[in-house]
A.B. asks: 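Structure provided below as structure tokens; questions to follow.
Counting begins at 1 with the first residue of the sequence. Read the numbers this way: they start at 1 and go in the same order the structure lists the ligands and their atoms.
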Amino acid sequence: MKTIILNGSPKGKSKKSNSQIFAEKFIEKMENPCEIKCIANNSSEELAHYIKDYDTIIFILPLYIHAMPGIVMKFIEELEPATYEGKHIGFIVQAGFIETAQHKYLERYFEELARQLNYGYLGTVVKGEAAGIYMYPQMFKKVLKLISNLGVAFEKTHAFDKEIVERLARPYELSKLKLIILRLINKVGLGNIGWHKMLRKNNSMDKRLDRPFL
Ligand SMILES: Cc1cc2nc3c(=O)[nH]c(=O)nc-3n(C[C@H](O)[C@H](O)[C@H](O)COP(=O)(O)O)c2cc1C
């Protein structure tokens, strides 16, 4: 089975792309690591042609505005239905917000896409709270290990390991207690520390409450 990984982040092959970090971790401990290509660094037409030689495609992408990045959509439109049985497609989606409930619409879309393309659907792995990985990788050691284990298991079984998938998908929704704690953190301003630091660095602090479309 020949598998290719496609990084769907608009950042492409950048050290600041969490999708790229996920992709590299996924293949890190494989005996025969799969090839990784970035949608952002290739023409959609050429890449769609290139992957025809592969039996399995795994997209690793971020969630942007509760959906897939536009470049992934554009690329998907270049794909043609498989002409023979045995092709597979799977997705790993990582995002900033904690709750993975927000991924459910994209998951339904991907399942239907696989059906329409006549590919076997491997599933959609989802991970929230991943935005900080490229900045603080040492704080995400456990998550990155799970991704690496997911890759090892995939190489052996050609499937996403159920237990790892379940662990990555937690929490689906925040508990009431966690919501109360988060609201408190927000109220005292602790939730904004990192965000405000970034705004100051970009000289945008005074524009943070602008509402240009009103
Ligand atoms: C324009 C934009 C939109 C985003 N929208 C969402 C979103 O709707 N939900 C979410 O959980 N995270 C959202 N994020 C956070 C990204 O999913 C997160 O930072 C991810 O790790 C980025 O992956 P990448 O570095 O591979 O691009 C957004 C980030 C950007 C830049």
A.B. asks: Can you tell whether the side chains of Lys25 and Glu28 come within less than 4.0 Å, N to carboxylate O?
C.D. replies: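 Salt bridge flag = yes for Glu28 with Lys25.
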A.B. asks: Looking at residues at least two apart in the chain, or sitting in another chain, which of them share a salt bridge (Lys or Arg N to Asp or Glu O under 4.0 Å) with Lys29?
C.D. replies: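 Once residues adjacent in sequence are excluded, Lys29 has no partner under the salt bridge (Lys or Arg N to Asp or Glu O under 4.0 Å) criterion.
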A.B. asks: Can you list the residues that meet the salt bridge (Lys or Arg N to Asp or Glu O under 4.0 Å) rule with Glu78, with sequence neighbours excluded?
C.D. replies: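 Not a single residue meets the salt bridge (Lys or Arg N to Asp or Glu O under 4.0 Å) criterion with Glu78.
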A.B. asks: Among all residues two or more places apart in sequence or in another chain, which pass the side chain to side chain contact (heavy atoms under 4.5 Å, CB included) test with Thr157?
C.D. replies: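 Expected list: Ala159.
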A.B. asks: Going by atom types alone, do Gln20 and Ser9 pair a side-chain donor with an acceptor below 3.5 Å?
C.D. replies: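 Note: Gln20 and Ser9 side chains miss the donor-acceptor criterion.
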A.B. asks: Do His103 and Thr124 have a side chain donor and acceptor closer than 3.5 Å?
C.D. replies: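 His103 vs Thr124: no donor-acceptor pair found between side chains.
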A.B. asks: For a distance cut-off of 3.5 Å, show me each N or O of ligand 1 paired with any protein N or O, plus the separation.
C.D. replies:
from	atom 1	to	atom 2	distance (Å)
ligand 1	5 (N)	Ile65	N	2.7
ligand 1	8 (O)	Ile65	N	3.1
ligand 1	8 (O)	His66	N	2.7
ligand 1	9 (N)	Gln102	OE1	3.1
ligand 1	11 (O)	Gly96	N	3.1
ligand 1	11 (O)	Phe97	N	2.7
ligand 1	11 (O)	Gln102	NE2	2.7
ligand 1	12 (N)	Gly96	N	3.1
ligand 1	14 (N)	Leu63	O	3.3
ligand 1	17 (O)	Leu63	O	2.7
ligand 1	21 (O)	Asn18	ND2	2.9
ligand 1	21 (O)	Gln94	OE1	2.5
ligand 1	23 (O)	Gln94	NE2	3.0
ligand 1	25 (O)	Lys11	NZ	2.7
ligand 1	25 (O)	Lys16	O	3.4
ligand 1	25 (O)	Asn18	N	2.8
ligand 1	26 (O)	Ser9	OG	3.3
ligand 1	26 (O)	Ser17	OG	3.0
ligand 1	26 (O)	Asn18	N	3.2
ligand 1	26 (O)	Ser19	N	2.8
ligand 1	26 (O)	Ser19	OG	2.7
ligand 1	26 (O)	Gln94	NE2	3.4
ligand 1	27 (O)	Ser9	OG	2.6
ligand 1	27 (O)	Tyr64	OH	2.9

